[in-house]
Amino acid sequence: MRAKKPSESFTLMTEMVLPNDTNTLGNLMGGRLLHWMDIAAAIAAGRHCNRVVVTASVDTVDFTAAIKLGEVVSIEARVTRAFRTSVEVRLDVFSENMMEGKRRRCNSAYYTFVAVDQNGRPIPVDPIEPETPEERELYDGALRRRDQRLTATKEKA
Ligand SMILES: CC(C)(COP(=O)(O)OP(=O)(O)OC[C@H]1O[C@@H](n2cnc3c(N)ncnc32)[C@H](O)[C@@H]1OP(=O)(O)O)[C@@H](O)C(=O)NCCC(=O)NCCS
């Protein structure tokens, strides 16, 4: 097992919002954005784990700002912390209007992925070693978020 840096698995996905991605108001559909976020997060998790990973949970995602047809969506995915068989990934979504040259933050979320073997059973993952103050802050917060989501999962069961 080798302790990896968050920068080794950092993932940037860029998409342009096309007509088939939008609702009748010309806004990006929430489900399409969640799909792109899932893929970006899975790539970051897969790069860290070097294993097949499955989505175990998606924390609350708020759609506070509409993203319009023709805008460019950038999704940043970074592994915040590795646990035994799971990793937490933070997603930050930005939207850019190329005509106006303006970029704005749209939303953020945390996804949890579990590395699995060929039979779909959880398998240990490499540890992660934060380097920057921002990475350290995300790393420290991950433990609290994990406790909260596992408690919420138990309450739903
Ligand atoms: C995720 C999955 C592999 C976990 O399997 P499991 O038998 O419950 O495994 P365990 O109880 O041993 O838990 C394994 C890890 O998953 C984590 N986990 C399980 N449920 C979780 C949840 N709801 N949220 C976050 N993490 C979760 C555990 O905390 C544990 O992490 P750790 O080893 O780092 O401590 C299994 O539930 C699964 O295959 N789910 C379907 C995944 C899928 O198809 N995703 C796409 C949805 S369409």
Side-chain angles (χ1 to χ4, degrees), residues 1-23 27-67 73-95 105-157:
M1 291 249 165
R2 175 175 78 84
K4 294 174 180 164
K5 299 169 190 154
S7 56
E8 292 179 65
S9 52
F10 175 78
T11 299
L12 172 64
M13 177 190 270
T14 308
E15 295 278 350
M16 180 186 275
V17 180
L18 296 174
N20 203 35
D21 302 321
T22 63
N23 62 18
N27 296 336
L28 175 64
M29 299 275 283
R32 181 77 81 211
L33 180 59
L34 289 175
H35 175 64
W36 290 341
M37 289 166 75
D38 195 28
I39 294 172
I43 293 171
R47 281 176 171 162
H48 177 85
C49 302
N50 302 127
R51 292 279 179 187
V52 172
V53 294
V54 294
T55 315
S57 81
V58 176
D59 292 6
T60 308
V61 185
D62 299 306
F63 300 103
T64 48
I67 301 176
V73 177
S74 304
I75 302 172
E76 297 178 359
R78 36 178 66 80
V79 176
T80 62
R81 187 156 178 161
F83 296 96
R84 198 180 73 80
T85 64
S86 66
V87 292
E88 183 193 70
V89 180
R90 179 183 167 100
L91 282 304
D92 288 288
V93 180
F94 301 88
S95 168
R105 169 183 287 279
C106 291
N107 49 19
S108 57
Y110 292 96
Y111 282 49
T112 302
F113 286 82
V114 177
V116 294
D117 64 16
Q118 59 274 24
N119 299 311
R121 281 193 296 260
I123 186 165
V125 299
D126 287 329
I128 198 161
E129 216 166 63
E131 289 190 299
T132 67
E134 292 79 18
E135 289 169 0
R136 167 67 57 190
E137 195 179 330
L138 286 170
Y139 180 93
D140 290 342
L143 198 56
R144 173 183 43 81
R145 289 188 295 274
R146 169 190 158 91
D147 287 346
Q148 286 172 349
R149 78 174 63 92
L150 292 179
T151 302
T153 302
K154 268 191 211 139
E155 283 171 1
K156 277 186 271 175

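Remember, it's 1-based here, ligands and their atoms both numbered in the order they're listed.
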Answer yes when Arg2 and Glu8 have at least one side-chain N-carboxylate O distance shorter than 4.0 Å, and no when they do not.
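Salt bridge between Arg2 and Glu8, a charged N being under 4.0 Å from a carboxylate O: yes.
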
So which residues, sorted by chain and number, lie with a heavy atom under 4.0 Å of ligand 1?
Val54, Thr55, Ala56, Ser57, Phe83, Arg84, Thr85, Ser86, Thr112, Val114, Pro122, Arg146, Arg149, Leu150, Thr153

Name all residues meeting the side chain to side chain contact (heavy atoms under 4.5 Å, CB included) criterion together with Glu137; count only those two or more places apart in sequence or in a different chain, and write none if there are none.
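Partners of Glu137 by the side chain to side chain contact (heavy atoms under 4.5 Å, CB included) criterion come out as none, since no residue qualifies.
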
Taking side chain to side chain contact (heavy atoms under 4.5 Å, CB included) as the definition, give me every residue that meets it alongside Asn119, ordered by chain and number, with sequence neighbours left out.
Asp117, Arg121

Report yes if the side chains of Trp36 and Leu91 come closer than 4.5 Å at any heavy-atom pair, otherwise no.
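With C-beta onward as the side chain, the pair stays apart.
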
Would you check, one step at a time, whether the test side chain to side chain contact (heavy atoms under 4.5 Å, CB included) holds for Arg78 with Asp92?
CA-CA 9 Å; Arg78 36 178 66 80; Asp92 288 288; 3.5 Å; yes

Would you give me the side-chain donor-acceptor pairs under 3.5 Å for residues 143-152, sequence neighbours excluded?
| from | atom 1 | to | atom 2 | distance (Å) |
| --- | --- | --- | --- | --- |
| Arg145 | NE | Glu88 | OE1 | 3.4 |
| Arg145 | NE | Glu88 | OE2 | 2.9 |
| Arg145 | NH2 | Glu88 | OE1 | 2.7 |
| Arg145 | NH2 | Leu138 | O | 3.0 |
| Arg149 | NE | Asp59 | OD1 | 2.9 |
| Arg149 | NE | Asp59 | OD2 | 3.3 |
| Arg149 | NH1 | Thr112 | OG1 | 3.4 |
| Arg149 | NH2 | Asp59 | OD2 | 2.9 |
| Arg149 | NH2 | Glu88 | OE2 | 2.7 |
| Thr151 | OG1 | Asp147 | O | 2.7 |

